[in-house]
Protein chains: 2
Amino acid sequence: MPTSKDIARLAGVSQTTVSRVLLGKPNVREETRQKVLSVLDGTGYVANEQARAMRTRRTGTIGVVTGRITNPFYPELIDALGTAITGRGLRMTLWASDADSGERAAMEAMRGRLVDGVVFTAATKGSPPLAAALRANLPAVLIIRSLDGARCDQITSDNLTGGALAAEHFLARGRRDVAVIGGDDGVSTSRERRAGFLDRLREEGVEVPPEYVIDTDFSHDSAKSAARALFSEAGGPRALFCVNDVVAFGVLDAARERGVAIPRDAVVIGYDDVKMASWDLFDLTTLSQPVEQIAELGVAKLLSRLDDPTRPFEHHRFQPELRIRGSAP
Amino acid sequence: MPTSKDIARLAGVSQTTVSRVLLGKPNVREETRQKVLSVLDGTGYVANEQARAMRTRRTGTIGVVTGRITNPFYPELIDALGTAITGRGLRMTLWASDADSGERAAMEAMRGRLVDGVVFTAATKGSPPLAAALRANLPAVLIIRSLDGARCDQITSDNLTGGALAAEHFLARGRRDVAVIGGDDGVSTSRERRAGFLDRLREEGVEVPPEYVIDTDFSHDSAKSAARALFSEAGGPRALFCVNDVVAFGVLDAARERGVAIPRDAVVIGYDDVKMASWDLFDLTTLSQPVEQIAELGVAKLLSRLDDPTRPFEHHRFQPELRIRGSAP
DNA sequence: GTGAAAGCGCTAACAT
DNA sequence: ATGTTAGCGCTTTCAC
């Protein structure tokens, strides 16, 4: 594998000149440039990015930390982030794991200069490595999930409004037998979606009893068993707002198992509008958040911070939109 | 951000000794080691991996190339690869894109010494960058999809057997009104699954007419419209083998739309056994391939090749297992 | 057991 | 417009 020194020797110029040609610097005579380019062409030379990174202090790699990919929302997000990152000629290093091991690894990678910055998508209140990264002022951005007072840019859906829209949809159809399923107050999305939903209901005089504000993790199976309990209760709630689509899928599965017809016997709203939500078998009414835009803006903000670390931190919230489908017409 | 030189100065030793301690070399006096370690602890020093990689010629990063993540099988595979890679203290750089842009980028990254090797999961017959990578003897491994005569290790499911198992399941239930949906002969998985299925049927005297061997891409929507056409045909096939689960989901969706009851009016078998396949709404009979094992072995083979580039190439095939569920009991 | 010195392959400052 | 030189932060001989 040839080095720029080899190219220089073959072209009869200094190694510096080769570097100049490679970087497209202006101060090279056209004739010299051509000579170098032709040698370059012949050898199929590719610059050693490691060595380059060592001087420029830019690796051209962006880290991405997500939760476990069991939620189909994450693949779509990763896809969008991948597009935003590779579209800029950069690379994406991915950590997709439970717990905070991904955050820990990402922080190490930043400090070890293996990535220029990190996009965190699964921020949780009590994550020590994330807190440490932000405290150390390492270049990071939070998308999808936010953290109050985090020292970095944040891009999310306006989850409070999203929850309120779900509430309004139920109210407009005269439903008052509502419940919220899924949630963890350490996670901004579910906390805010829940709060927006409950607050809007309260404004209209509907108070949701605490036993119908159901904590479950974000998995299909937990949601399913929670809904199963709800459905076996005779006078229980039948207008269910789920904090995300996977939770909603679990609820739909429980409904099928229990012989609860959707939307006749119960109505369901999700959040995220993953691709599957529009499949006939689910046909899920849900709130959509613009994944591509969130990913794109997140990457853009991260890169702009690398250039200007002093820019004040921003929190951009995209408006969610209610997609009305068969599960809650 | 301190360097090993800073640590050396603070500890009153040479930079070399710091390096020795960091790498756990034996020839350091215990007393010296402790001194260095205590300074290390105090500063929160993290070695610059770039510089390290430049000397060792190992980056500690593995590239992964997948197709677009619209197929839920890929997230599960990425998850498994991530576990196999990060579990070894390495990092994963991911390219998930249509076409061969990911392969091209991965090849560049290998040549630019940004990754030690690459796991290709979406090999297609006519991919120039992949062909080039293999020709150049760059360290790579093919998993899930194979390529005849590729100069690298390959780990796949035994797709021929998988297809045969599906055929046997239909035959055992007396079904002869079969069709195969989804396929592209440039992709080993669908080519082999199809061939295994058709060959086994032929052995039992069942010849599938060519119009019931349906080429569609691997998307839910294409499969859905193909199945829609099939279901509107009166005497058409009603025992459908799909080359993967997403295709099967599309078929199930079409069935629902057309009022075709599963499994009463039609039976469906998929391939992959993605998590969703066991959800009540799908309840899909399918062939499972051991994703974790494939990922684990793929990474292991790749790493072992880095240590011994001369080892002969192997193709390991895992046996698929039929998971019988409601869609084809 | 420890340190000095060389060098991985680049880029950038400085000379000419 | 081009070349010389000095590192980036490590690991690895090679001396002692």
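Not measured: the values here are computed from a predicted model. Residue numbers begin at 1 in each chain, while the letters A, B, ... track the order of the sequences.
Within 6.0 Å of CD in A/Glu30 there are more than 12 heavy atoms belonging to other residues, nucleotides or ligands.
A salt bridge is defined here as a Lys NZ or Arg NE, NH1 or NH2 lying under 4.0 Å from an Asp or Glu carboxylate O, and A/Asp184 with A/Lys125 fails to meet this definition.
Atom OG of residue B/Ser146 and atom CZ of residue B/Arg191 lie 6.5 Å apart, to the nearest 0.5 angstrom. To the nearest 0.5 Å, atom CG of residue A/Leu130 and atom CZ of residue A/Arg104 are 11.5 Å apart.
Each of A/Ile155, A/Thr121, A/Val299 was checked for a side-chain contact (heavy atoms from CB on, under 4.5 Å) with A/Ile294, and the lone residue meeting it is A/Ile155.
First and last contacts of DNA chain D with chain B, using any nucleotide atom under 4.0 Å from a protein heavy atom and ordered 5' to 3', fall at D/dG9 to D/dT12.
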- Query: Run the side-chain hydrogen bond (donor to acceptor under 3.5 Å, both in side chains) check on B/Thr17 and B/Ser14 step by step: do they pass?
  - Reply: CA-CA 5 Å; B/Thr17 297; B/Ser14 76; 3.3 Å; yes
- Worked check of side chain to side chain contact (heavy atoms under 4.5 Å, CB included) between B/Asp272 and B/Glu76: CA-CA 10 Å; B/Asp272 285 346; B/Glu76 296 183 12; over 6 Å; no
Would you list the protein and nucleotides 9-11 of chain C atom pairs, both N or O, that sit under 3.5 Å from each other?
from   : atom 1 : to      : atom 2 : distance (Å)
C/dG9  : OP1    : B/Arg57 : NH2    : 2.3
C/dG9  : N2     : A/Ala51 : O      : 3.4
C/dC10 : OP1    : A/Tyr45 : OH     : 2.5
C/dC10 : OP2    : A/Ser4  : N      : 2.9
C/dC10 : OP2    : A/Ser4  : OG     : 2.5
C/dC10 : O5'    : A/Tyr45 : OH     : 3.3
C/dT11 : OP1    : A/Arg52 : NE     : 2.6
C/dT11 : OP1    : A/Arg52 : NH2    : 3.4
C/dT11 : OP2    : A/Ser19 : OG     : 2.4
C/dT11 : O2     : A/Arg55 : NH1    : 3.1
C/dT11 : O4     : A/Gln15 : OE1    : 3.4

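Atom pair B/Glu31:CD and C/dT2:C1' shows a separation of 13 Å (rounding to whole Å applied).
Residue pairs satisfying the ring pair (Phe, Tyr, Trp, His ring centres under 6.0 Å) criterion with at least one member in residues 296-318 of chain B, sequence neighbours excluded, are listed as follows: B/His316-B/Phe318.
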